[in-house]
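Within every chain, numbering begins at 1; the chains are lettered A, B, ... in the order of the sequence lines, protein sequences first and strands thereafter. All values below come from the heavy atoms of this structure, side chains included, with hydrogens, waters and symmetry mates left out. None of the values given here were measured: they were computed from a predicted structure.
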Amino acid sequence: MKSNKRMVKDNIFKHILLVSAVLGGLMIAFIFVFIFIKAWGVLSVSGLGFITETGFSEQIRDSYYLAAGEQTWFFGTKGLFIATLLTTAGALLLAVPLGIGTAVIVCEFSHRAIARMLSSVIRLLASIPSIIYGLIGLMVVVPYIKDSFISPELQIQYLYDPIMRMQLSGKSLLAGIIVLGIMIMPILTALTVDAIKAVPKSYKEAGLGLGISHWRVVTKILLPAAKSGLFAGIILAAGRGIGEAIALSMVSGGISNVPQVAHGGVFFLTPVLTLASAIVNKSEAMSVAAIESALFSCGVVLILTSMLFSLSTRLVERAVKMK
Amino acid sequence: MTLSNISIAVKNVDSWYGEKQVLKNINMEIEKKSITALIGPSACGKTTFLKSLNRINDLVKGFKISGIISVGGQDIYKDIKKASDLMFLRQKMGMVFQIPNPFPMSIYKNLALPFSEKNNLSSRKRIDEVVVKCLKDVHLYDEVKERLDASALDLSGGQQQRLCIARCLTITPEIILFDEPCSSLDPISTLKIEDLLRELKEQYTLVIVTHNLEQAKRIADRVGFFYQGELIEYSAKDKFFTRPRHELTQKYLAGKF
Amino acid sequence: MRLKLFQDSVMKTLCYFAAVMTVAVCLGIILYLVIKGFDQLSPDFIMTEPNPTFSQDNAGGILTPIVGTLLLTFIGTLLAFPWGLSSALYYTFYAKKGKLRDTLSTAIDILAGVPTIVIAIFGLAVFTNPFWGFLSSRVEGVEGISKAFGRSFWVAGITMGIMILPYIIKTCAEALKAVPPSYIEASYALGADKRQSLLRVVIPAAKNGIITSVILGMGRIVGDTAIVWLTLGGTLRMTGLQPWYSPENWPSTLQNTGSTLTSYIFYTSPAGEGNMPSVAFGASLVLIVIIIVLHIITDYISSLGKLRDEE
């Protein structure tokens, strides 16, 4: 009798787990499907034009003010796409050398107590909410850029720019790069520290035993041996950068501008809008079906990017395992 | 042993890990171009001693040492202050570890890296020559010549250990230190390495830590017996195995530990 | 050799420079916040409700944002933790290996990496469906189309739960996998069935990992702004029946909008409508203190684990 009761209990337990697992799976599937369905309205009209054409800000404005029948379902986010790539690439360019350099010092060239303190400070910074980076960016970085690089003449010149009128307020691509770079640097450093620490100690002993200098052992042996970990760290940081919405919407301006190389240094001073921050920026207009669909389409592009990233880390892991 | 024949001279060496003394008053002279085997039960200090000879123990937190270890007339603890001098010392002494530890790169690069780090401005041709020569010296060349670009981690344990020995040869050391090089290998690989050691002693001074008495009997010229941090007995092989002076040595040889 | 050593020392100096820069920036941020925010901190600031005003002097405090943060953390964790842990148990110990499980674990991985802003619009779009009106409130659209408002503590909390769900499943599954199979075998050998083995052996053994996973999930909720901004509405105060804290009004409070520390900072910063940076800094400091506390707890737990391993 008793064992029968136990079996029933065991069965119930199993089915509770099954139900929650199935619900979890359905939920995840539902999220993806829901987002793709919502995005379909715009994506089916825009096609590849969604990322190869410009004019997102104007299209949003038009959709918002026109009556339901006359709205455009065509959106072009080339500007957002380029801005996303530029901010993330710029942030990586800033954060990767600093992060790896710091990790090398923390792991190999500092006193134990200092190293421990440093790595706990870095881990703490990695968990600071992005809103705080946004706030500091807005209060410190943006005014700094405005005061040191943007003269009133320059402002007037671009306010009446024939192609794209814009206000140079300090909220700019440069501010976005700096804030994002500072934001992902601790994550990158922490992951690099982990990757270097995971390298077997015997490699270091062997290298030093061969009379190779400590520095050379680090650069020629330890870092190459840690490269899959480094790569995973960079991908994760890039993913964080691409998905960052709030901090960038605070410091990089709000119009879907494609920075022009022809503008020289002003390239970095023009405002930009990234895919993720566009969603924050335009979410108030989401009650309009076309705009809702356009924002979900931005979401789809973001999901596809994060898919690509998680796939590439998996491929690297597999390649390393095969070795 | 005449003075000119001495490669490493050790005088009154004590050492500690933190508060714990691991070597007690070690005195020893190691002869050039011979095999000196260091034996003893585990944790007797033999590996600590070996790793003090090229100062790789500096990596261990809390390691302290006193006394004199002189290599080529230079006191390696007191005379060497600069990092670059320490590098030169280690370039004179190769080291082979208990567990084979080739770098996670190709077979070729495993040898090319230490060579080109030591010798600047080497041509690709010169590096190729050295790689081939060192691989031939350890009788590995024929086994790997088709796949020099393959990862060194794909080799078998015995091959990896011979690769590690070849890696030491690229920096043309005078002395090679072995820390139980065969303890993770199968008997056939072990015999191959022992043959190799007998060849190498024509050119190099070899110091080998082993816990295998038979191995010491097969290859050593002189044998030192460590017990609880002390060098109990140190003499020529035949004398050591046939007429050990110390009671502890006799017991150890009789397998009574 | 000389040249090489020289190059090395230049590179090494650059690395030290990088480290000093990193540390300076990090400490700079914390110091800046402490200096800017410390003046604001007072029992009053923490214990009074915010005031929607343009004058920094009458801005009031951050009581409701703190309560809002706690509420969302509570709802989100309460939803995601049991769900995530039981799913992780099923995937780890019951599900058959195969295509379906692999696909699912890939999907979980991808979803865990999807930016929270995408989850935020998902939540908003789903919960504005009239079916979910009971979670917020119904609004009549212009053409008489009934819609749900789609912004409330319930909606935001549930969306937070959905946001951390893949993350909780993933980290709990890792913690469960780290339990040595020999433990389970030993439990079977003693005659326990699977349920008993999981509940009495596996979960206690994975306890530290599971707790860490939950706390990290909480940290994500506390630090998130995107979901709050979209699904909790941009109001500073609690908009339900007043006083919001008396128990009979709780259902109304949860069905209505409010703010959390993060949305409060966004709202009062020059990026939002408030433009009251000094209170934003005060709130940032409080937010950082919460994050530090969560951080210390996880550090403590992982050090417990390490101690045990060393024994």
Name the region of Trp229(C), side chain, backbone, both or neither, that has any atom closer than 4.5 Å to a heavy atom of chain A.
side chain
Segment of Phe17(C) engaging chain A (4.5 angstrom heavy-atom cut-off)
neither
Could you tell me which residues satisfy side chain to side chain donor-acceptor pair (under 3.5 Å) with Lys282(A), sequence neighbours excluded, listed by chain and number?
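Partners of Lys282(A) by the side chain to side chain donor-acceptor pair (under 3.5 Å) criterion come out as none, since no residue qualifies.
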Can you tell me which portion of [X] sits under 4.5 Å from chain C's heavy atoms? Options are side chain, backbone, both or neither.
X: Thr219(A); value: neither
X: Lys38(A); value: side chain
X: Val280(A); value: both
X: Leu311(A); value: neither

If I compare all heavy atoms of Ala125(C) with all of Phe296(A), which pair ends up nearest, and what's the gap?
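So the minimum-distance heavy-atom pair works out to CB-CZ, 3.5 Å.
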Closest non-hydrogen contact found for Gly101(A) with Cys15(C) is CA-SG, 3.6 Å
Please determine, among Arg123(A), Glu244(A), Glu292(A), the option with the most heavy-atom pairs under 4.5 Å with chain C.
Arg123(A)
Tell me, out of Thr189(A), Asp10(A), Ile122(A), who's got the most heavy-atom pairs with chain C below 4.5 Å.
Asp10(A)
Measure the shortest side-chain to side-chain distance between Pro115(C) and Ile242(A) over non-hydrogen atoms and say whether it is less than 4.5 angstrom.
no
